[in-house]
Amino acid sequence: MDKVRVRFAPSPTGALHIGGARTALFNWLFARKHKGELILRLEDSDSRRSSLDSAMGILDGLRWLGLDWDEGPEAGGDSGSYRQSERIDIYRKYLDQLLDLDKAYYCFCSSEKLAADKEAAQLIKADYKYTGHCQTISRNEAEQRIQKGECPVIRFKCPTEGITVVHDLIRGDVEFSNCLFDDFIIAKSDGWPTYNFAVVVDDHAMHITHVIRAEEHLSNTPKQILLYHALGWQLPQFAHASMILAPDRSKLSKRHGATSVQEFRDEGYLPEALINYLALLGWSAGEDRDFWKIDELIERFSLEGISRSPAIYDIEKLSWMNGHYLSQASAEDLAAILYKDARKRGFVSVGCEKKFIRVVELLKSRVKTINEILDQGSYFFVRVSSYDEKGSQKYFQKEDSPAMLKEALNLCRESSFSSPENLEQELRQKADELNIKAGQLIHPIRLALSGRTATPGIFEVMDVLGKNECIHRINSAILYAESL
RNA sequence: GGCCCCUUGGUCAAGCGGUUAAGACACCGGCCUUUCACGCCGGUAACAGGGGUUCGAGUCCCCUAGGGGUCACCA
């Protein structure tokens, strides 16, 4: 087999969404598995809809996920520019070839006329197909009209008989009747190629061996195959994975919450988690396993394992998986990611990074996203301004609440705060002396120190906060409790 | 509407003619525990429907239904 060459060819008209990311992942995995190459190509032939921002965003997203490409923007390569907008000469060449071969022709029909035809067809519930009206216009006449300033499109002379079969690596043979297609447009009136033409020219020129993409392209594939035939080119292999759907089974869109990889990044998801989740969404090794390292995915990946049915993405499972990766990650790494935000919120300043890392360590196994660490750990850095209401009723408003808090205060005053273990020992001893349960001291302390009823281990919390701060906060709590 | 793809619990998903139809998320119990989370143990829950083929069908074929895609001078 020739060296495997696959491509990811996004259109830079928006962010990299998870469907695109998964397609990129599958291609990447396939390339790495077979020691082949991944080509990144920007399909920006529609200048009105494409933007540089989108292109940069997509590149960023890919990089963040760890999906690198061997040829493409910023990587270079021997197959010319990897932006369609810079390949017009190439398209022009093959457009001319098809024209010369009489396999394509100029069409001067106005879009108004076409729209009217379409409407008329709909009225009598007939399928609309372009009539082939301009097929009779000679090449000479066409060129003269172009000289005079007319801007025709170019249509492909589509065979009307026979069937075209797509040998799909995932779905098997899929047959299409050629009579279904009309003479579709391969070049727009502004001279730029349409998708179906450009994709064929580029995949051929870039020596792509396997076209792995989402199912939405399956119906277009026969047209592309017809083009390959007309140009006399060898076909690549095709593999159409199913699509990723929103929870309501509709196509993913903004109204379904976060769907772009940038959003997931901003919301505190780890790239490893997203990769792991995406790999398992629509692909399976046939093995009962949830967590996969990237090397293991490369090792086990195969097209046969790709599912034919659409997959609905489930943010809950992604979050669960992210939580797992978070608890495994090093506190230093997470702190580094969080550092900027933490500074913005005044949680960390130069010189006290150690404390910040310690807090991250305590919290990372209790959250689903990185960002939650900051939200859930704010009290480590900022004094408590209010107390959880239910907690307050339970631990501050009881008759003996002030007394308990005062005992907690004594405990803090007497303790050397040498370690969480010692704090625990001291507290339990105090509880024994008072003939109460340790919890009767622990709960009020937790509320006093954090304002919350759920925190990491209380002795760790005390240890991080330190003696003076604990005394201060418990004093405040006493004042508060006595005022109730 | 034509054409194409798809159909195992709410979701992901194993299964590739013979199984008590895995596992995971979520949910519900229980344990652990100073709270929360983790972890551990247990539970509820599925082969869309109907015809065939076969000794035997979630697995093969057909029909119906449902979902998705496509039919652009978007990609």
Side-chain angles (χ1 to χ4, degrees), chain A residues 9-13 43-46 48-50 84 107 109 111 114-115 118 121-122 125-129 151-155 166 168 170-171 174-177 179-182 184-196 198-199 214-223 240 242-243 245 247 249-251 277 280-291 304 307-321 323-324 327 363-368 376 391 424 427-428 431 437-443 445-447 450 452-459 461:
Chain A
S11 160
T13 53
E43 307 219 324
D44 58 352
S45 63
D46 185 347
R48 286 191 319 260
R49 304 200 326 147
S50 301
Q84 291 189 328
C107 170
C109 296
S111 30
L114 264 21
K118 229 174 250 187
Q122 209 159 50
K125 287 200 160 74
D127 289 333
Y128 169 78
K129 271 176 74 172
C151 297
V153 300
I154 299 175
R155 286 180 185 273
V166 180
D168 192 279
I170 295 172
R171 286 155 210 281
V174 183
E175 296 184 354
F176 296 86
S177 224
C179 65
L180 259 24
F181 311 125
D182 65 358
F184 57 90
I185 294 170
I186 55 178
K188 310 177 220 174
S189 55
D190 63 6
W192 286 92
T194 57
Y195 166 74
N196 281 129
V199 75
E215 195 195 327
E216 53 188 322
H217 294 289
L218 182 57
S219 300
N220 280 318
T221 307
K223 291 183 189 172
H240 290 92
S242 58
M243 314 217 347
L245 267 27
R249 301 198 67 83
S250 69
K251 208 170 174 176
Y277 177 73
L280 261 31
L281 193 61
W283 174 80
S284 164
E287 191 179 321
D288 183 22
R289 180 136 76 99
D290 293 308
F291 296 102
E304 292 74 56
S307 167
R308 283 177 292 272
S309 52
I312 292 165
Y313 99 102
D314 178 15
I315 188 78
E316 298 273 2
K317 189 155 184 177
L318 205 211
S319 293
W320 164 77
M321 199 164 254
H324 171 89
S327 60
L363 253 14
K364 72 188 176 73
S365 64
R366 296 162 203 273
V367 295
K368 299 281 192 222
Q376 284 194 28
E424 174 160 16
L427 182 138
R428 291 193 186 280
K437 286 195 280 190
Q440 288 178 269
L441 248 19
I442 287 169
H443 294 295
I445 293 176
R446 170 174 288 114
L447 189 61
S450 69
R452 300 169 182 243
T453 54
T455 68
I458 192 62
F459 306 111
V461 173

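What you are looking at is a predicted structure, and each value in this text was computed from that prediction instead of being measured. Just the heavy atoms: all of them, side chains too, but no hydrogens, waters or symmetry mates, feed the values below.
- One finds no side-chain N or O of A/Ser309 lying less than 4.0 angstrom from the OP1 or OP2 phosphate oxygen of B/G67.
- Counting non-hydrogen atoms under 4.0 angstrom, A/Glu287 reaches nothing in the nucleic acid.
- Among the nucleotides B/C4, B/U34, B/G2, the one closest to any side-chain atom of A/Leu180 is B/G2.
- Side chain of A/Met243, nearest nucleotide from B/U34, B/G10, B/G69: B/G69.
- Taking the C1' atom of each, B/C47 and B/A13 are spaced 13 Å apart, rounded to whole Å.
- Within 4.0 Å (heavy atoms only), A/Asp46 reaches sugar-phosphate atoms of the nucleic acid but no base atom.
- Spacing between B/C28 and B/G69 at atom P, rounded to whole Å, works out to 33 Å.
- Heavy atoms from other residues, nucleotides or ligands lying under 6.0 Å from CZ of A/Arg452 number more than 12.
- Counting any heavy atom pair closer than 4.0 Å across all strands shown, A/Arg49 reaches a base atom.
- Side-chain to base pairing of A/Arg366 with B/C38: no donor and acceptor N or O lie closer than 3.5 Å to each other.
- Looking only at distances, no side-chain donor or acceptor of A/Asn220 sits under 3.5 Å from a matching main-chain atom of A/Asn196.
- Between A/Leu114 and A/Tyr128 there is a side-chain heavy-atom pair separated by less than 4.5 Å.
- Under the Watson-Crick or G-U wobble criterion, with both distances below 3.5 Å, B/C16 is left unpaired in every strand shown.
- Contact annotation: A/Lys223 side-chain N/O to B/U70 OP1/OP2 distance is not under 4.0 Å.
- Distances from the side chain of A/Asn196 to the nucleotides B/G1, B/A75, B/A24 place B/A75 closest.
- Here the separation of B/C25 from B/C16, taken at their C1' atoms, is 26 Å to the nearest Å.
- Dashed line: the shortest gap from a side-chain N or O of A/Arg308 to OP1 or OP2 of B/U7 is not under 4.0 Å.
- When the nearest nucleotides of RNA chain B are assigned to A/Ala285 and A/Val153 by heavy-atom distance, the more 5′-ward of the two goes with A/Ala285.
- Here the side chain of A/Ile185 is nearest to one of B/C73, B/U34, B/A75, namely B/C73.
- In this structure, A/Ser284 reaches the sugar-phosphate backbone alone: every heavy-atom distance under 4.0 Å involves primed, P, OP1 or OP2 atoms, never a base.
- A distance of about 22 Å separates the C1' atoms of B/G67 and B/C61, rounded to the whole Å.
- Using atom P as the reference point in both B/U53 and B/C73, the two lie 49 Å apart (nearest Å).
- With B/U35, B/G69, B/U7 as the choices, the nucleotide that has an atom nearest any side-chain atom of A/Ala454 turns out to be B/U35.
- In this structure, the nucleotide among B/A24, B/U11, B/U34 sitting nearest to the side chain of A/Ile442 is B/U34.
- Of all nucleotides present, only B/G30 satisfies the Watson-Crick or G-U wobble test against B/C40, with each distance under 3.5 Å.
- The side chain of A/Ala311 lies closest to B/C12, out of B/G69, B/C4, B/C12.
- Counting any heavy atom pair closer than 4.0 Å across all strands shown, A/Glu43 reaches sugar-phosphate atoms only and no base atom.
- In this model, the phosphate group of B/A75 is approached by a side-chain N or O of A/Lys188 to a distance below 4.0 Å at OP1 or OP2.
- Here the side chain of A/Asp314 is nearest to one of B/U11, B/C5, B/U70, namely B/U11.
- A/Gly457 comes within contact range of at least one nucleobase, with a heavy-atom separation under 4.0 Å.
- The side chain of A/Thr194 sits closest to B/C73 out of B/C73, B/U70, B/U34.
- For the pair A/Arg428 and A/Ser177, both in contact range of RNA chain B, the more 5′-proximal nearest nucleotide belongs to A/Ser177.
- Contact of A/Ser219 with B/C4 (side chain to base): no donor-acceptor pair of N or O atoms is detected under 3.5 Å.
- Checking B/G68, B/C6, B/G23 against every side-chain atom of A/Leu245, the shortest atom distance belongs to B/G68.
- Taking atom P on both B/G2 and B/C63, the two are 15 Å apart, rounded to the nearest angstrom.
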